[in-house]
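Data first, discussion second: the structure below is written as C-alpha cells.
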Amino acid sequence: QVQLVESGGGLVQAGGSLRLSCTASGRTSSFYAIGWFRQAPGKEREVVAAISWSGDITYYADSVKGRFTISRDNAKNTKYLQMNSLKPEDTAIYFCATIRDYLLARRNDRVEADSYDYWGQGSQVTVSS
C-alpha cells in the first residue's frame, strides 16, 4: 500500500504560478512512476504530466507543455508539479497517482486513469481571470 497526499493548491491570478507537492508514505521502497491528473467540474479526469521513478522519462499533455514541469525527489518521497503561466482553464482538482514504471513507457497506458494504482485525495487549484 502507498498513501499519497497532495498539497500546494490554492487561488492564483492568471499568469501566476503554483507548485503542487505529492508526498508518499507506506511502501515507498517500490519503484513506481507518478502521474499528475486534473479534473474540472463536468469534465473527465485527464493526465497532465507523468515521470518515471528514475526521472529520465517524462510526459506532458499538449495543453501544459512549456508551462508545467514535473519532478521528483526520491530521497524525500515527494513529487512536484511546478505550474507557471496559469490560465483559467487550468482550474481543477489536481491528483497525483502511482503507476508501475514499465507502464509509463506505453502511450495508451500512461494517459488512462485505470492504469494507475494509488491516488491522493486531490488539491484544488483555482485560476482567476
Original post:
When hydrophobic residues are tied together by side-chain contacts of less than 4.5 Å, even through go-betweens, does V64 share a cluster with L86?
Top reply: yes
Original post:
Is F37 reachable from I70 through a run of hydrophobic residues whose side-chain heavy atoms are each under 4.5 Å from the next?
Top reply: no
**OP:** Return the minimal non-hydrogen interatomic distance between S52 and L104, and the atom names on each side.
**Re:** N-CD2, 3.2 Å
Subject >> Shortest non-hydrogen contact from A24 toward L4 >> reply: CB-CD2, 3.7 Å
Original post:
So, does T91 use its side chain to make a donor-acceptor pair with the main chain of T126 at under 3.5 Å?
Top reply: no
Subject >> Nearest atoms (heavy-atom pairs only) where N74 meets W53 >> reply: ND2-O, 3.0 Å
Original post:
Taking the side chain from S115 and the backbone from D109, do they hold a donor-acceptor pair closer than 3.5 Å?
Top reply: yes
Original post:
In chain order, what residues pass the side-chain hydrogen bond (donor to acceptor under 3.5 Å, both in side chains) check against D62, with sequence neighbours excluded?
Top reply: K65
**OP:** Using atom types as modelled and distance alone, determine if a side-chain donor or acceptor of E6 lies under 3.5 Å from a backbone N or O of G122.
**Re:** yes
Original post:
Any chain of hydrophobic side-chain contacts (each under 4.5 Å) joining Y116 to V111?
Top reply: yes
**OP:** Using side-chain hydrogen bond (donor to acceptor under 3.5 Å, both in side chains) as the criterion, list what pairs up with E89, not counting sequence neighbours.
**Re:** none
**OP:** With rounding to the nearest 0.5 Å, note down the distance linking CG in D117 to OH in Y32.
**Re:** 11.0 Å
**OP:** Check salt bridge (Lys or Arg N to Asp or Glu O under 4.0 Å) between R67 and all other residues, then give those that pass, not counting sequence neighbours.
**Re:** D90
Original post:
Can you list every pair that meets side chain to side chain donor-acceptor pair (under 3.5 Å) and has a residue in residues 92-102, with sequence neighbours left out?
Top reply: R38-Y94
Subject >> Verify same cluster id: I93, V127 (apolar side-chain graph, 4.5 Å) >> reply: no
**OP:** Output yes when a side-chain donor or acceptor of S63 lies under 3.5 Å from a complementary backbone atom of A61, and no otherwise.
**Re:** no
Original post:
Looking only at heavy atoms, which two atoms of R110 and Y59 are closest? And how far apart?
Top reply: NE-CD1, 3.5 Å
Original post:
Hey, any chance I51 and W119 share a hydrophobic cluster, counting ILVMFWY side chains that come within less than 4.5 Å of each other, even indirectly?
Top reply: no
**OP:** First locate atom CG of D73, then atom OH of Y80, and finally report the distance between them rounded to the nearest 0.5 Å.
**Re:** 5.0 Å
Subject >> Smallest separation among heavy atoms of C22 and W36, with atom names >> reply: CB-CZ2, 3.5 Å
Side-chain donor-acceptor pairs under 3.5 Å in residues 13-20, sequence neighbours left out?
from: S17; atom 1: OG; to: N84; atom 2: OD1; distance (Å): 2.9

**OP:** List in chain and number order the residues that pass side-chain hydrogen bond (donor to acceptor under 3.5 Å, both in side chains) with R45, two or more places apart in sequence or in another chain; answer none if no residue qualifies.
**Re:** Q39
